[in-house]
Amino acid sequence: MEGGQTHSAAPTYLGWSIFNTLCCCLPLGIAAIVCSCRAQNANVVGQSAIADDASRTAKILNVIGLVCGIIFLIIFIALKATQM
């Protein structure tokens, strides 16, 4: 072992960020991709504090983007249903 420390990489949520960009909410998805890439780069360099912070931010942005996308979809379907 190197110094007795174990380092686990922070999740990047890059796939989820790309999905949110394409399907749910473009602005929040782009911001989440940026944070995901920051987390990935910090993981590679070994900066776990920065990686954890960027990963947490990406997750929050993804959750908000997904909720916004679902709300917009429900509103769209409701509007289309009332027009028929």
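The structure presented is a predicted model; accordingly, all values stated were derived computationally and were not measured.
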query: So, does Asn43 use its side chain to make a donor-acceptor pair with the main chain of Ala9 at under 3.5 Å?
result: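 No; zero donor-acceptor contacts below 3.5 Å.
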Show every donor-acceptor pair shorter than 3.5 Å between a side-chain atom in residues 28-38 and any protein atom, with sequence neighbours excluded, or say none if there are none.
from, atom 1, to, atom 2, distance (Å)
Ser36, OG, Thr12, O, 2.7
Ser36, OG, Ser17, OG, 2.9
Ser36, OG, Ala32, O, 2.8

To the nearest 0.5 angstrom, please state how far the [atom1] atom of [X] sits from the [atom2] atom of [Y].
{"X": "Leu61", "Y": "Cys68", "atom1": "CG", "atom2": "SG", "answer": "10.5 Å"}
{"X": "Cys25", "Y": "Phe72", "atom1": "SG", "atom2": "CZ", "answer": "6.0 Å"}
{"X": "Leu73", "Y": "Ile70", "atom1": "CG", "atom2": "CD1", "answer": "8.0 Å"}

| said: Restricting to non-hydrogen atoms, name the atom on Ala10 and the atom on Asp52 that form the minimum distance, rounded to 0.1 Å. | reply: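 Where Ala10 meets Asp52 most closely, the heavy atoms are CB-OD1, 3.2 Å.
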Worksheet entry | By side-chain contact (heavy atoms from CB on, under 4.5 Å) - contacts of Ile75 (at least two apart) |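 side-chain contact (heavy atoms from CB on, under 4.5 Å) check on Ile75 returns Ile71, Leu79.
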**OP:** With sequence neighbours excluded, tell me which residues meet side-chain contact (heavy atoms from CB on, under 4.5 Å) with Asp53.
**Re:**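 side-chain contact (heavy atoms from CB on, under 4.5 Å) list for Asp53, sorted by chain: Arg56, Thr57.
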- Message: Do Trp16 and Leu66 have side chains that approach each other closer than 4.5 Å (heavy atoms only, starting at C-beta)?
- Response: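 Of all side-chain heavy-atom pairs linking Leu66 with Trp16, at least one is under 4.5 Å.
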Within one Ile-Leu-Val-Met-Phe-Trp-Tyr cluster: Tyr13 and Phe19, side-chain cutoff 4.5 Å:
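The answer is yes; both residues are in one hydrophobic cluster.
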